[in-house]
Amino acid sequence: MTEDEATWRRNRRLLMLLVLAAMLVVSACAGTDRLGLESVVSDDIPQNSLNPAGPEARQIDDLWWLVFWIATAVFVVVEAALIYMVVRFRQRKGEDRQVKQVHGNTKLEIIWTILPAVLLTVIAIPTVATLLDLRSAPDPSDNALQIEVIGHQWWWEFSYPEYGFTTANELHIPAGRQVYLTMTSADVIHSFWVPQLAGKRDLVPGRETNLKIEADEPGLFLGQCAEFCGLAHADMRLRVFASTEAEFETWALAQAQPANLPAAGPAADGWETFSAVCASCHTIDGTSAGARLAPNLTHFASRTTFGSATFANEEQHLRQWLADPSSLKPMRPELNDLEVGRVLGMPKLGLTEDQIDGLIALLETLE
Amino acid sequence: MSIDTLAQEHPGPHDVSHIRKVAMWVFLGSEVLFFGSLITTFLLYRTRIGDGPGAAEIFDIPFTSVSSFILLMSSLTMVMAHHSASRKDWRQMRVWLVATAMLGIVFLSGQVFEFTEFVEEGLTVSTSPFGSSFFVLTGVHGAHVAVGVLLLLATALMSFTGRLRDGEGMNVEIIGLYWHFVDVVWIVIFTVVYLMQV
Amino acid sequence: MLMATMTPTLEAPPAARRGVWGWLTTTDHKKIGILYGSSASVFFVVGGIEALLIRVQLATPNGEFLSADAYNQMFTMHATTMVFLVIMPAAAAFTNYFLPLLIGARDVAFPRLNALSYWVFLFGGLFLTVSFFLGGAPDGGWFGYAPLSTQVPEVVRMDYWALGLIIIGLASLLASVNFITTIFTMRAPGMTLMRMPVFAWMSLVVNFLLLFSLPIITVGLIQVFLDRNIGTLFFDAANGGDPILWQHLFWLFGHPEVYVLILPAMGIVSEVLPTFARKPLFGRSFVIFSGIAIGFMGFGVWAHHMFTSGLGPVAESAFALTTMFIAVPTGVKIFNWLGTIWGGSLRLNTSMLFSLGFIAMFVIGGLSGVTHAAAPADWQQHDTYYVVAHFHYVLVGGAIFGLISGLYYWWPKITGKLLDERLGKWHFWLMMIGFNLTFAPMHILGLNGMPRRTYRYPEGLGFEFWNAIATIGSFLIGVSMLVLFWNFYRTRRRGEIAGPDPWDGRTLEWSISSPPPEHNFDQIPVVEREDDFWHRKYRTAEDGTAIAIEPPPNMEFERDEDIHLPSPSFYPVLAAAGMFLVVMGLVYVPWGLIAVGAGAVTTLWGLFGWSMEPITREEH
Amino acid sequence: MSDTAHAHPTPRDYWLIALILAVITGAEVSVTYIDALDSVVAPLLITMSAAKFAIVVGYFMHLKYEQRIYRNLFLMGIIAAPILFGTVLLTFGVLIGD
Ligand code: HEA
Ligand code: HEA
Ligand code: CUA
Ligand SMILES: [Cu+2]
């Protein structure tokens with residue numbers, strides 16, 4: 001053996017150890033929550049599915065950890081065995097050894113067929129139990145809040161039938177109370193996902209799907225459309241505000257109010273533009289604008305974000321949005337066909353600065 | 001029973017007829033899944049007729065029964081062609097081949113006629129999912145029949161001009177397998193699509 | 001001794017067998033294998049560059065390297081390329097080249113059909129790839145969920161996708177008919193099915209999977225194409241169609257497909273481990289039967305890709321269970337491989353390292369698969385980077401590692417030269433490290449809530465760090481591949497001569513020269529047992545150790561007299577070119593119909609010429 | 001089975017088989033017109049078309065007389081298809097009624 005090869009052999013063993021260590025670290029990181037290593041990965045991670053904030057998400061989390069630990073055990077056993085054997089049975093330098101020709105061992109083979117089957121049964125039972133529980137209709141005693149969700153390219157429409165209003169992109173729910181979503185889609189398949197509150201569920205055109213979500217405590221939870229739905233799929237985000245029952249009630253009653261159009265001033269000019277340009281797609285309740293092809297703007301100013309929870313609801317962003325929406329968020333308005341209801345984004349409408357000023361003034365009044 | 005007996009040992013690597021037959025049966029196994037998918041689509045959509053006509057309104061069962069019968073009988077002529085070929089009676093084989101092709105053409109004409117009728121009565125591929133799945137299923141089947149007709153006529157012609165002398169019997173057998181299979185698919189389609197209207 | 005009546009073709013190939021024309025018209029399974037392999041390598045570079053572009057875009061939050069539009073094309077084409085134009089043809093390359101050698105045959109059952117398969121595949125791949133230059137590549141994801149894939153008929157991208165996959169599928173289907181027939185009818189005398197090498201067995205299973213799953217997706221693709229182009233309503237929910245039907249048709253194919261991708265690699269590992277452990281495969285029949293079991297069970301789990309689509313709790317539970325239990329036969333393989341190396345004398349060369357790496361990495365991917373199978377847990381994981389991590393561990397750590405192991409193993413047989421071991425080891429370790437750096441972090445990203453197929457992510461969600469690591473890792477994989485290519489180049493000129501049996505092999509391909517003669521075997525071998533070639537070299541002593549037979553057996557055989565080799569034929573490539581015109585024209589209906597017509601005529605011309613052409617030129 | 005491999009039917013047999021097929025087809029069409037059979041018409045039709053299927057495959061395609069390998073190859077598809085597609089239709093609620 002040459003000098004090179006000798007060094008190589010030493011390095012190889014080192015590398016092997018490094019890789020193993022890396023793999024262990026990585027798998028441990030995935031489980032930081034339980035390992036007390038939150039600081040490595042899960043600080044400030046608002047969409048962390050391993051940080052459940054409600055009973056549905058927690059049930060899934062429990063199942064996940066069971067499966068995770070079983071998988072980890074199998075992983076450790078197999079990798080350890082593999083490395084042990086490679087080290088122990090490797091052909092050493094200059095060695096040319098013939099070995100015993102073993103063709104198999106039926107007993108062993110039966111054992112390692114049955115053992116995994118047993119482990120899998122341990123996983124299977126809670127899997128099915130959790131599944132049936134989470135997929136069951138809500139218990140009437142839970143007095144679940146009903147909300148209807150419609151997915152659009154690339155925004156969310158939320159309706160509260162009990163209160164009779166519709167809003168977009170920001171969902172408000174009462175903390176501590178179950179919420180039952182009834183969902184469908186207006187165009188392609190989307191998927192509603194707020195990791196801290198529940199698993200995801202697809203919104204399929206022509207079908208109705210349901211999802212139970214619940215937040216233990218008031219707070220803000222981030223979510224995102226999880227099914228690829230075209231150009232702006234990445235920017236189809238959503239926010240869930242959980243608040244106390246009383247705060248929620250106040251909010252909902254306010255949302256159910258129609259808008260009060262300003263009589264004069266820039267906002268009134270804004271309304272003029274709006275009814276001429278924007279009303280073919282948007283709704284402002286209580287006005288003549290009633291099209292449902294785009295987000296309902298009745299209480300737009302009460303939202304913290306726009307563009308499907310992607311941009312802060314601030315003037316500078318709004319200005320850019322109105323001037324050229326596609327410069328903020330990739331969309332395909334050139335393919336819109338309002339006749340058949342195909343809307344692939346908000347078009348650049350060629351508004352003047354003045355018109356934009358007016359519109360912003362109008363939007364700001366829509367508390 | 002071991003795997004080997006299941007698959008049965010082959011007669012030897014040079015039996016070309018055997019090799020081709022294995023290939024044809026393998027291919028037909030695949031075709032089962034192909035038509036299976038189309039039929040499944042139809043079963044899913046057969047009641048989704050939208051504003052268009054449904055099965056009961058447009059199907060003309062007596063007409064389709066006759067054309068189905070014709071396709072069924074083409075299997076008889078086909079097997080007769082094979083029989084003649086195995087007796088090396090090439091003349092008779094050609095007669096049966098052409099007869100089979102003719103029956104196939106009659107069937108296809110029936111299908112074309114049926115399609116035009118349906119279109120006139122307001123069922124097209126874009127009327128309803130029922131229309132889409134009906135036309136695509138029966139259309140794809142029709143395309144299979146058409147390919148079969150071409151194969152039959154080409155074989156008859158080549159046999160007539162004296163080419164392909166040696167392989168003839170075998171070719172007829174392989175084409176026959178294909179032809180019968182297409183017939184068998186129609187047996188299922190006729191029942192599932194036409195007769196079983198819920 | 002050479003017989004005087006020997007056909008001259010075997011001694012001096014006619015002009016038609018050399019040069020470009022020789023490659024275009026070849027019907028030799030070995031040359032076709034090389035064509036498949038070279039094409040797959042080129043497409044691997046294409047798919048890999050697409051992957052690197054993805055990684056550059058995601059290296060930082062709010063990346064601006066690619067537009068959303070470019071990004072969507074990138075991941076769609078990356079996956080489509082890697083799955084259909086890299087792994088499948090790479091596996092087909094090995095199957096083409098080695099299946100006949102492993103079962104002691106002179107060729108496949110239908111040599112010209114084999115050539116047709118290759119050319120149709122190649123034209124299909126080109127067809128998909130040129131879309132980049134003709135208005136944009138497919139951008140609907142590699143499983144093209146309807147109605148997104150049928151949504152905007154004006155934009156032809158998904159037409160390229162649907163038609164491209166239809167003809168690539170056709171190529172595969174023809175190949176699978178060919179291979180299955182070959183295995184059932186062309187084995188050497190005494191080569192019973194149970195004596196067949198495991199790689200041949202896995203090919204058999206793979207080709208059955210393709211045979212039964214390709215027609216299903218073909219129907220789905222036809223429906224997508226028709227929905228887009230003639231107004232059928234298969235997936236149009238507003239008019240009563242149901243998008244979920246597409247998901248069933250796709251995954252009924254798609255899941256068996258993932259086993260199509262992994263089983264050839266498993267077959268390779270089952271050849272490599274025994275050779276370099278100097279022991280027979282542990283529990284050979286168990287390994288074979290578990291392969292068959294995986295094949296069967298693979299058809300019963302498709303809906304685990306649809307856990308969030310709304311199948312209903314009963315179906316979801318049922319598919320969760322079937323999915324989990326597919327881990328049992330897979331586990332059998334893993335454990336039997338461990339059994340194979342136990343007590344062996346392991347020669348840790350590059351090929352062996354990749355096989356061992358396969359086991360180590362595939363287990364990780366398989367186990368994350370099991371965590372998906374727990375359906376409620378999958379509701380969190382689905383469509384996140386956790387899934388991306390899962391499938392790259394099985395696809396790259398599994399399929400690619402296995403195929404590369406096969407490449408190092410069989411390269412000397414194909415070229416007659418050994419690859420350089422030192423470079424090989426650099427390749428292995430760089431790839432191992434790069435691979436884990438790239439894909440291990442994706443587990444964390446996914447669980448932390450990063451959805452897949454997103455061209456950008458905002459700051460503050462905690463995705464920055466691991467994405468940067470993943471990008472670094474991906475370039476390391478790229479570098480490792482450069483080492484491999486350098487190795488190819490260097491050993492072409494300076495490589496050590498391999499000789500017929502460089503690894504002390506066990507199977508028939510090592511009994512003939514490297515590279516093998518055009519007719520493969522001078523005499524068709526008569527097989528007496530499994531690993532027949534090994535048993536010609538060794539006997540086992542009382543205590544079970546192997547003892548070389550002295551003197552070594554004579555491997556020179558008298559050449560058979562009537563060797564019939566298929567003549568080269570121009571018709572397969574002609575027919576395939578016609579199909580290219582047909583699909584190209586279909587994208588641009590109505591004026592494209594001219595191309596459709598021209599293509600159809602060309603194809604028919606090819607097929608007609610084919611059927612008139614004698615299979616073997618009569619030369620004696 | 002190879003001993004029966006060449007005992008193919010005679011043309012007379014073929015005509016007879018065709019006659020049987022014709023009769024079954026007639027029966028199929030007829031039962032759809034008999035209102036009294038409405039409740040059993042589906043199983044009846046399925047049975048009859050399965051019989052036709054088997055007859056054509058068995059006699060015209062000679063599967064009954066040939067080597068087992070052909071039959072096994074074909075059977076795989078024939079068995080797989082109803083199971084797979086039946087499951088698909090079940091998840092849509094098609095087979096059990098919505
Ligand atoms: C080579 C390809 C390959 C292979 C072999 C596998 C193997 C498996 N896959 Fe994977 N899978 C893919 C490729 C593959 N997959 C791809 C490409 C996707 C995504 C497609 C897309 O969405 O784009 C996917 C997605 C995917 C999903 C859907 C995820 C989602 O989208 O939400 C699921 C769900 O169940 C799944 C499960 C499994 C399982 C259970 C296995 C099993 O076969 C694994 C079995 C192996 C082991 C378990 C390890 C060895 C076993 C032992 C050591 C025995 C002991 C083990 C235990 C007791 C647990 N896979
Ligand atoms: C089939 C096999 C396969 C293979 C081999 C790979 C290989 C790789 N994949 Fe792929 N991938 C898929 C199948 C595969 N992938 C699938 C099915 C999807 C899902 C798509 C979808 O959602 O529709 C996917 C999606 C996917 C994504 C997610 C995209 C998204 O959801 O938005 C990412 C992100 O990082 C990724 C990365 C990579 C990388 C870095 C590699 C690397 O391993 C690539 C390594 C190769 C090279 C690097 C090229 C070779 C070398 C050279 C060209 C030399 C030059 C090198 C340098 C200049 C450095 N892949
Ligand atoms: Cu909506 Cu992604
Ligand atoms: Cu799968």
Using non-hydrogen atoms only, which part of [X] is less than 4.5 Å away from chain C: side chain, backbone, both, or neither?
| X | answer |
| --- | --- |
| Leu231(A) | both |
| Val102(A) | both |
| Thr121(A) | both |
| Gln153(A) | side chain |
| Ile70(A) | neither |
| Trp112(A) | both |
| Leu115(A) | neither |
| Leu222(A) | side chain |
| Asp235(A) | side chain |
| Ala232(A) | neither |
| Asn210(A) | neither |
| Gln224(A) | side chain |
| Thr130(A) | both |

Look at [options] and state which one has the largest set of heavy-atom pairs under 4.5 Å with chain C.
| options | value |
| --- | --- |
| Asp337(A), Val128(A), Leu82(A), Thr209(A) | Leu82(A) |
| Val67(A), Thr310(A), Leu66(A), Leu108(A) | Val67(A) |
| Ala198(A), Ser191(A), Gly223(A) | Ala198(A) |
| Gln59(A), Arg88(A), Glu95(A), Arg332(A) | Arg332(A) |
| Arg97(A), Glu56(A), Met236(A) | Arg97(A) |
| Ala57(A), Gly206(A), Ala124(A), Pro116(A) | Ala124(A) |

Pick one of side chain, backbone, both or neither for [X], based on which atoms fall under 4.5 Å of a heavy atom in chain A.
| X | result |
| --- | --- |
| Tyr457(C) | neither |
| Glu542(C) | neither |
| Leu461(C) | both |
| Ala548(C) | neither |
| Ile547(C) | neither |
| Ala318(C) | neither |
| Pro458(C) | side chain |
| Phe143(C) | side chain |
| Gln73(C) | neither |
| Ala320(C) | side chain |
| Phe465(C) | neither |

*Looking only at atom types and distance, does a side-chain atom of Asn436(C) sit under 3.5 Å from a main-chain N or O of Met432(C), one as donor and one as acceptor?*
yes

*Are any side-chain N or O atoms of Thr184(A) and backbone N or O atoms of Pro205(A), one a donor and one an acceptor, separated by less than 3.5 Å?*
no

Top of [options] for chain A proximity - count of heavy-atom pairs under 4.5 angstrom:
| options | result |
| --- | --- |
| Leu338(C), Val332(C), Asp236(C), Asp139(C) | Leu338(C) |
| Ile359(C), Ile244(C), Thr308(C) | Thr308(C) |
| Pro329(C), Ser285(C), Pro243(C) | Pro243(C) |
| Leu148(C), Asp378(C), Leu356(C), Thr454(C) | Leu148(C) |
| Gln381(C), Lys279(C), Met352(C) | Lys279(C) |
| Asp543(C), Thr150(C), Leu437(C) | Asp543(C) |

*How are the rings of Trp534(C) and Tyr538(C) set to each other: parallel, tilted or perpendicular (split at 30° and 60°)?*
parallel

*Which class fits the ring pair Tyr393(C) and His443(C): parallel under 30°, tilted 30 to 60°, perpendicular over 60°?*
tilted

Side chains of [Y] and [X]: any donor to acceptor distance under 3.5 Å?
| X | Y | answer |
| --- | --- | --- |
| Thr182(A) | Glu208(A) | no |
| Gln47(A) | Arg237(A) | yes |
| Thr540(C) | Gln101(A) | no |

Between [X] and [Y], is the ring centroid distance below 6.0 Å?
| X | Y | value |
| --- | --- | --- |
| Phe235(C) | Tyr145(C) | no |
| Tyr455(C) | His233(A) | no |
| Phe319(C) | Phe307(C) | no |

*Heavy-atom pair with the smallest gap, counting every atom of Leu346(C) and Val86(A)*: CD1-CA, 3.8 Å

*Is it true that Asp531(C) and Arg284(C) have a side-chain N and a carboxylate O under 4.0 angstrom from each other?*
no

*Under 4.0 Å between a Lys/Arg side-chain N and an Asp/Glu carboxylate O for Asp96(A) and Arg278(C)?*
yes

*Pair listing, salt bridge (Lys or Arg N to Asp or Glu O under 4.0 Å) test, anchored in residues 441-453 of chain C, at least two apart*: Asp383(C)-Arg452(C)

*Return each pair, listed once, that meets salt bridge (Lys or Arg N to Asp or Glu O under 4.0 Å) where at least one residue sits in residues 315-327 of chain C; pairs must be two or more places apart or across chains.*
Arg135(A)-Glu316(C), Arg201(A)-Glu316(C)

*Show the numbers, then the answer: is there a ring-ring contact (aromatic ring centres under 6.0 Å, His included) between Trp69(A) and Phe75(A)?*
CA-CA 9 Å; Trp69(A) 286 119; Phe75(A) 166 79; over 10 Å; no

_The single option from Phe358(C), Phe362(C), Phe276(C) passing ring pair (Phe, Tyr, Trp, His ring centres under 6.0 Å) against Trp337(C)_ = Phe358(C)

*Chi angles and distances behind the ring-ring contact (aromatic ring centres under 6.0 Å, His included) call for Phe75(C), Phe228(A)*: CA-CA 12 Å; Phe75(C) 72 71; Phe228(A) 181 59; 5.2 Å; yes

*Spacing of Ser345(C) atom OG and Phe89(A) atom CZ [to the nearest 0.5 Å]*: 10.5 Å

*Hey, does Asp187(A) have a side-chain heavy atom less than 4.5 Å from the side chain of Pro147(C)?*
no

